[in-house]
Protein chains: 2
Amino acid sequence: MSALEVQKARAASVFNRENLESILRGRFFYAPAFDIYGGVSGLYDYGPPGCAFQANVIDTWRKHFILEEDMLEVDCTMLTPYEVLKTSGHVDKFSDWMCRDLKTGEIFRADHLVEEVLEARLKGDKEARGIAHDPNEEEDSDKKKRKKKVKQIKAIKLEDEVVKEYETVLAKIDGYSGEELGELMVKYTINNPATDGPLEPPMAFNLMFETAIGPSGQLRGFLRPETAQGQFLNFNKLLEFNNSKTPFASASIGKSFRNEISPRAGLLRVREFLMAEIEHFVDPLDKSHPKFADVKDITLSFLPRGVQEAGSTEPITETIGKAVESKMIDNETLGYFISRIYQFLIKIGVDKTKLRFRQHMGNEMAHYATDCWDGELLTSYGWIECVGCADRSAFDLTVHSNKTKEKMVVREKLETPIEVTKYEIDLTKKLFGPKFRKDAPLVEKFLLDLSQTELEAKANELKTNGKVVFQINGLEGDVELDNKFINIEKRTKVEHVREYVPNVIEPSFGIGRIIYAVFEHSFWNRPEDTARGVLSFPPLVAPSKVLLVPLSNNKELQPVTKKVSDILRKAQIPFKVDDSGVSIGKRYSRNDELGTPFGVTIDFDSVKDDSVTLRERDSTQQVRGSVEDVIKAIKDITYNGVTWEEGTKNLEVFTSSQESK
Amino acid sequence: MSALEVQKARAASVFNRENLESILRGRFFYAPAFDIYGGVSGLYDYGPPGCAFQANVIDTWRKHFILEEDMLEVDCTMLTPYEVLKTSGHVDKFSDWMCRDLKTGEIFRADHLVEEVLEARLKGDKEARGIAHDPNEEEDSDKKKRKKKVKQIKAIKLEDEVVKEYETVLAKIDGYSGEELGELMVKYTINNPATDGPLEPPMAFNLMFETAIGPSGQLRGFLRPETAQGQFLNFNKLLEFNNSKTPFASASIGKSFRNEISPRAGLLRVREFLMAEIEHFVDPLDKSHPKFADVKDITLSFLPRGVQEAGSTEPITETIGKAVESKMIDNETLGYFISRIYQFLIKIGVDKTKLRFRQHMGNEMAHYATDCWDGELLTSYGWIECVGCADRSAFDLTVHSNKTKEKMVVREKLETPIEVTKYEIDLTKKLFGPKFRKDAPLVEKFLLDLSQTELEAKANELKTNGKVVFQINGLEGDVELDNKFINIEKRTKVEHVREYVPNVIEPSFGIGRIIYAVFEHSFWNRPEDTARGVLSFPPLVAPSKVLLVPLSNNKELQPVTKKVSDILRKAQIPFKVDDSGVSIGKRYSRNDELGTPFGVTIDFDSVKDDSVTLRERDSTQQVRGSVEDVIKAIKDITYNGVTWEEGTKNLEVFTSSQESK
């Protein structure tokens with residue numbers, strides 16, 4: 001098969017999730033954790049090929065981002081004390097909405113329930129109107145696996161207007177508050193789908209796993225819901241490590257945890273997952289990026305806020321340069337990272353026609369964020385958020401700094417000093433002790449914390465009345481001070497240093513979701529035999545690179561097999577030997593399921609002239625050459641970005657009928 | 001300096017832990033987690049150099065073990081349901097002994113308290129006898145950091161016999177039960193060292209962090225205390241993945257958690273830590289290892305059980321071959337892994353004179369283990385267990401299999417079938433229903449589960465009395481059955497398949513502890529200036545490999561700097577550029593503290609002839625050559641195991657006085 005034929009065959013292959021899953025589980029890419037104990041929903045283990053694939057994705061990520069951009073990698077603890085996550089807002093706000101059925105004890109996730117019920121009604125409407133099912137929509141047999149609440153579709157026709165309303169709600173489903181979800185449930189009479197019994201209104205359920213640290217059990221802690229907080233807390237140390245230069249980025253790869261209400265959709269919604277996060281600290285007044293020019297011509301598929309608010313899902317195709325220029329994307333640094341995310345995803349095997357960047361809607365975005373785009377990948381479960389890219393502004397550093405009184409700022413020497421005019425307050429401290437006694441520090445702190453606006457008002461009050469009056473929290477009655485105690489003046493000073501809290505641009509990757517999407521995007525069936533599945537991973541991330549296949553068990557072949565093994569091991573190219581008795585064709589097709597890109601066959605000619613056959617997984621093309629040349633080709637194609645055509649141009653084309661055996 | 005001079009200077013350097021720690025924290029190798037919130041004891045974050053060092057150690061581990069030995073890597077969840085850890089024994093037995101002071105509320109770890117009090121008394125005794133302090137013992141200033149309970153050493157002379165008794169107790173301190181510790185505390189009047197108040201007797205404190213999984217809060221779970229259980233639970237899938245062949249090994253790298261009673265000693269005793277564990281599944285009747293011959297001549301330092309029981313710490317030096325032959329080490333596979341552990345530790349920078357393998361004493365070892373050896377590293381905190389290497393027998397697979405009724409066995413086709421004679425029981429099932437009704441299945445199961453010994457006894461009973469009588473749990477009264485219901489016979493059969501539960505050899509690495517020990521083993525001070533610390537990491541694991549140093553900020557030097565940067569980046573050799581204004585000597589010595597093995601200086605000659613200077617960290621020797629040749633030397637020395645002498649033999653020796661600037 002030529003490369004073009006491969007492309008056509010892949011495009012023509014009808015995706016079947018059950019086939020893919022049976023391969024992924026059968027070949028132990030992953031499996032439900034604690035399987036022999038009946039499993040725990042939302043927890044999965046990676047077996048050898050899944051684990052190797054994940055390690056290769058992480059290795060690629062580390063090189064693509066950390067090494068290429070000189071980022072500072074840190075490894076922070078997962079156990080996190082209560083106070084940190086209280087400050088960050090997670091204790092109060094990191095929750096989903098759940099509804100209880102008080103009769104049956106069942107618990108539903110409110111947004112998922114509304115989504116499923118409305119989708120089911122729309123399906124029923126289509127059925128009633130006699131419109132055929134979209135073949136890409138999931139099959140009935142999948143429903144059980146997704147633990148769908150809605151078991152049956154009833155063919156009931158809806159009013160045209162209702163259909164439109166449902167569609168609008170579904171397009172905005174990620175953005176509703178608990179109250180709004182409750183209103184939708186009332187408006188559309190959404191009950192327990194199994195019993196039609198009533199549900200309690202949505203309640204917030206915090207998604208963090210809680211635990212106690214230490215033997216006394218008194219220090220409350222959580223498992224981190226993201227790696228970001230550890231990076232923020234180390235900001236000062238990182239800035240110092242970077243010789244106080246900005247902008248710079250930290251990065252972290254590690255597990256995070258979310259106690260999902262009802263996990264579903266396999267690897268896509270799990271309770272323990274691998275994240276890779278970058279925190280890029282940047283001057284809020286200058287979010288340009290020095291390497292933006294390198295990426296500005298990359299064309300991407302965008303789904304901006306406005307399009308979604310109009311209830312549409314039709315993306316806009318645009319260069320990243322134009323998207324930033326038109327202010328659709330807030331700034332260059334955000335745009336730069338969106339492009340780098342795109343390049344990374346393509347490198348590890350994402351199908352670029354199944355990738356879009358969706359902007360968060362106003363009500364969906366955290367209140368502190370300036371702008372936020374999700375890299376979404378199309379799978380058989382729909383469009384899935386796999387990478388977030390947010391401008392978190394100065395929120396996190398500010399709240400942690402306020403809470404701990406630890407300054408977290410960048411100090412920048414100004415090339416030309418600037419004049420700054422502002423109100424200042426002077427306290428005659430020796431008078432405060434006698435007047436306020438033990439409360440003196442409280443009064444002083446209150447005065448020194450006054451804002452510019454307050455100072456201006458008080459300066460006028462002092463000028464007019466010769467005294468000022470305050471109410472101070474924690475002190476009874478009014479506090480009266482005259483100008484013997486305080487002096488408020490507008491002064492102009494020359495400043496040589498600018499001090500600012502940097503803003504944070506945060507690309508955040510859900511590695512497990514990306515991996516699952518790549519599995520789907522890489523999967524196809526051979527046109528000549530649809531039972532033969534292939535996982536067309538890029539060689540760079542394939543779990544194993546080479547399958548070594550001695551033609552038979554004959555002892556004569558063993559020295560060459562050992563020689564090739566030794567060279568591959570020395571070159572640190574992961575490989576497997578398959579010297580089982582089955583046919584060559586069968587051994588290859590078994591490895592197509594593992595995504596192994598190359599096969600090397602050792603036959604009796606190999607013993608004579610040291611030549612071996614090299615087979616490419618997708619095209620099943622074969623070439624022949626010396627052991628050294630074949631391994632060089634494998635290495636160049638896998639690690640040095642060389643194409644198959646280029647890498648094998650000095651090798652002879654080899655024809656055999658083994659493939660079909 | 002020559003290599004020999006370096007060796008001498010390192011040996012002569014007096015180790016000072018405070019100096020090392022100030023570098024490790026100052027250069028952000030690691031720092032207490034949540035530092036700005038006051039920290040949480042036992043939790044540490046790794047900064048950029050620590051994180052890179054850790055990643056390199058893990059990468060080396062993966063290549064040394066997984067790739068080299070074709071192990072099956074898995075990545076299992078940390079969240080683990082109660083039932084799994086109940087079965088494995090962790091819920092009941094994974095605990096330390098703690099003593100409470102009911103008056104002050106303080107909690108002490110019993111074995112540590114006994115150890116510290118007795119050590120303090122021995123010190124006091126030495127003082128009273130006028131014996132000088134060992135300079136290698138920790139300094140007073142360190143005590144606070146270790147959170148020592150014993151604040152003051154009192155110079156009180158002890159009886160000679162008491163000294164001996166204390167020393168014997170200390171040599172066996174790891175092996176005492178809670179009851180025994182309680183007895184020691186009474187015998188030696190060990191109270192709260194601060195108040196001399198009485199303590200409660202030792203109580204078991206379970207070291208696992210507990211949490212609840214899911215929104216109902218009803219599924220109890222823990223954070224895993226080791227990665228091993230996940231590997232055991234996946235045994236059947238792994239065996240199938242390995243085409244049912246044995247022996248084979250699985251491996252896993254990931255965080256585990258222990259809720260230490262009172263963490264101390266920095267990175268050595270923490271609550272969240274990175275582990276790398278191997279589970280090698282082997283035939284219990286054949287624990288030979290095919291590659292044992294490759295390692296048998298390696299000489300190691302052993303501290304076997306007998307030596308310790310005699311109260312001694314004098315190690316035995318022996319080849320691993322002789323250690324296995326003499327049965328000091330139980331079997332070849334265990335011996336093979338001990339050697340491989342040794343090779344790995346040396347590769348990443350452990351000082352081999354500070355490594356010993358200590359055998360667990362009888363009372364210290366888990367009841368199911370056949371043999372267990374700890375790889376211990378000598379640090380300023382004493383000998384520290386960093387790697388365990390245990391033969392866990394068939395314990396884990398057996399208990400999980402019994403609990404879940406999932407068979408976990410290897411089936412081996414016998415080359416020559418064997419005859420097996422055993423008792424078998426036949427049930428006349430159609431009679432059981434009418435007689436026992438709903439209890440029939442219970443009775444049948446009871447009968448089919450009878451052991452060979454029980455069957456033999458019942459066969460005789462049946463023969464003698466024509467009937468048998470049973471008491472069955474869950475049924476009231478006796479159950480009487482005659483030979484119409486059952487038949488028990490001794491039969492001889494030919495078996496073609498042997499079925500067995502494999503034994504497990506488990507090398508288990510505490511990566512954080514190993515890393516800290518390498519930090520200590522690598523640290524020394526330049527003899528000419530003891531303020532200049534050096535971390536002599538092997539280039540393979542050094543956080544960054546090259547420091548690029550343009551002689552000055554002159555723009556002329558920038559193109560060469562960029563060229564060298566580009567080549568290094570393309571070759572994926574981690575490097576840093578230091579173009580700060582300070583002197584070359586200062587820039588180098590800053591990087592000696594980071595353990596960067598190579599410096600490349602770019603000067604005005606570089607612009608003319610494309611040559612650069614290469615500097616070696618330990619010897620400060622410099623050589624000069626073309627950019628290409630210098631980078632080739634760096635690559636060969638770092639990744640291909642080439643020595644400095646060999647790697648630079650074609651480069652010219654270069655002399656300059658920059659170093660001392």
Side-chain angles (χ1 to χ4, degrees), chain A residues 27-28 31 33-37 40 43-48 50-52 54-55 63 67-68 72-81 83-84 98 107 205 209-216 219 223 230 233-234 236-238 240-241 243 255 257 259 261 271-272 400 404 406 569 572 574 580, chain B residues 27-28 31 33-37 40 43-48 50-52 54-55 63 67-68 72-81 83-84 98 107 205 209-216 219 223 230 233-234 236-238 240-241 243 255 257 259 261 271-272 400 404 406 569 572 574 580:
Chain A
R27 309 308 302 271
F28 201 7
F34 316 109
D35 212 0
I36 63 170
Y37 279 84
V40 176
L43 295 180
Y44 290 89
D45 292 342
Y46 286 89
C51 192
Q54 176 181 268
K63 283 169 181 158
L67 219 65
E68 186 69 31
L72 307 180
E73 189 177 350
V74 294
D75 182 16
C76 304
T77 62
M78 298 170 197
L79 288 166
T80 309
E83 224 185 333
V84 170
M98 69 170 180
I107 295 171
F205 170 69
F209 287 97
E210 189 168 348
T211 192
I213 302 172
S216 70
L219 184 59
L223 295 178
L233 297 186
N234 283 305
N236 283 343
K237 294 192 181 82
L238 290 165
E240 191 193 333
F241 186 83
N243 297 324
K255 293 270 168 82
F257 302 81
N259 197 4
I261 292 173
R271 289 176 164 150
E272 178 177 329
H400 287 302
T404 61
E406 182 94 5
R569 185 165 286 132
Q572 297 183 340
S580 67
Chain B
R27 308 309 302 271
F28 201 8
F34 317 109
D35 212 1
I36 64 171
Y37 279 84
V40 175
L43 295 181
Y44 291 88
D45 291 343
Y46 285 89
C51 194
Q54 178 181 265
K63 283 169 182 158
L67 219 64
E68 185 69 31
L72 307 181
E73 189 176 350
V74 295
D75 183 14
C76 305
T77 62
M78 296 169 198
L79 289 165
T80 310
E83 225 186 331
V84 170
M98 70 171 180
I107 295 172
F205 170 68
F209 287 97
E210 189 169 347
T211 192
I213 303 172
S216 69
L219 184 58
L223 295 177
L233 297 187
N234 283 305
N236 282 343
K237 295 191 180 82
L238 290 165
E240 191 193 334
F241 186 84
N243 297 324
K255 293 270 168 81
F257 302 81
N259 196 4
I261 293 173
R271 287 174 165 151
E272 181 178 327
H400 287 302
T404 60
E406 183 94 6
R569 187 167 283 132
Q572 296 182 339
S580 68

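Below, all heavy atoms of this structure are taken into account, side chains as well, without hydrogens, waters or symmetry copies. Residue numbers begin at 1 in each chain, while the letters A, B, ... track the order of the sequences.
- Contacts between B:Ser580 and chain A at a heavy-atom distance below 4.5 Å are absent for every atom of the residue.
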task: List the steps and the verdict of side chain to side chain contact (heavy atoms under 4.5 Å, CB included) for B:Lys255 and A:Lys255.
output: CA-CA 9 Å; B:Lys255 293 270 168 81; A:Lys255 293 270 168 82; over 6 Å; no
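- Note that CG of A:Asn234 and CZ of B:Phe34 are 9.0 Å apart. Values are rounded to the nearest 0.5 Å.
- Residue A:Leu238 touches chain B through both its backbone and its side chain, counting heavy-atom pairs closer than 4.5 Å.
- Of the two parts of B:Ala212, only the backbone, made up of N, CA, C and O, holds a non-hydrogen atom closer than 4.5 Å to a non-hydrogen atom of chain A.
- With respect to chain B, the highest number of heavy-atom pairs below 4.5 Å among A:Ser216, A:Ala33, A:Pro81 belongs to A:Pro81.
- The side-chain heavy atoms of B:Glu272 and B:Tyr44, taken from C-beta on, include no pair separated by under 4.5 Å.
- The candidate from B:Met98, B:Arg27, B:Glu83 with the greatest count of non-hydrogen atom pairs under 4.5 Å with chain A is B:Glu83.
- Per-residue heavy-atom pair counts under 4.5 Å with chain B were compared for A:Glu210, A:Met78, A:Arg271, A:His400, and the maximum is reached by A:Met78.
- Side-chain contact check for A:Ile213 versus B:Val40: some heavy-atom pair is nearer than 4.5 Å.
- Only the side chain of A:Lys63 comes within contact range of chain B, with heavy atoms under 4.5 Å apart.
- The shortest non-hydrogen separation linking B:Asp45 to A:Cys76 is OD1-CA, 3.1 Å.
- Residue A:Gln54 touches chain B through its side chain alone, counting heavy-atom pairs closer than 4.5 Å.
- For chain A, the nearby part of B:Leu223 is the side chain; its heavy atoms alone come within less than 4.5 Å.
- For chain A, the nearby parts of B:Glu73 are the backbone and the side chain; heavy atoms of each come within less than 4.5 Å.
- Heavy atoms of B:Phe28 lying under 4.5 Å from chain A belong exclusively to its side chain.
- Looking at A:Phe257, the atoms closer than 4.5 Å to chain B (heavy atoms on both sides) all sit in the side chain, from C-beta outward.
- Only the side chain of A:Glu406 comes within contact range of chain B, with heavy atoms under 4.5 Å apart.
- Chain A forms more heavy-atom pairs under 4.5 Å with one residue of B:Leu43, B:Thr211, B:Leu79, B:Leu233 than with any other, namely B:Leu79.
- Interface remark: B:Phe205 contributes side-chain atoms only to the contact with chain A (heavy atom separation under 4.5 Å).
- By the 6.0 Å contact criterion, CD on A:Glu240 is open, its count of non-hydrogen atoms from other residues, nucleotides or ligands being 12 or less.
- In terms of heavy-atom proximity, B:Gly47 sits nearest to A:Val74 at CA-CG1, 4.1 Å.
- Proximity to chain B (any heavy atom under 4.5 Å) is shown, for A:Ala52, by neither the backbone nor the side chain.
- Among A:Asn236, A:Ile36, A:Asp35, the residue with the largest count of heavy-atom pairs under 4.5 Å with chain B is A:Ile36.
- Ranked by heavy-atom pairs under 4.5 Å with chain A, the first of B:Asn243, B:Asn259, B:Leu72 is B:Asn259.
- Heavy atoms of B:Val84 lying under 4.5 Å from chain A belong to its backbone as well as its side chain.
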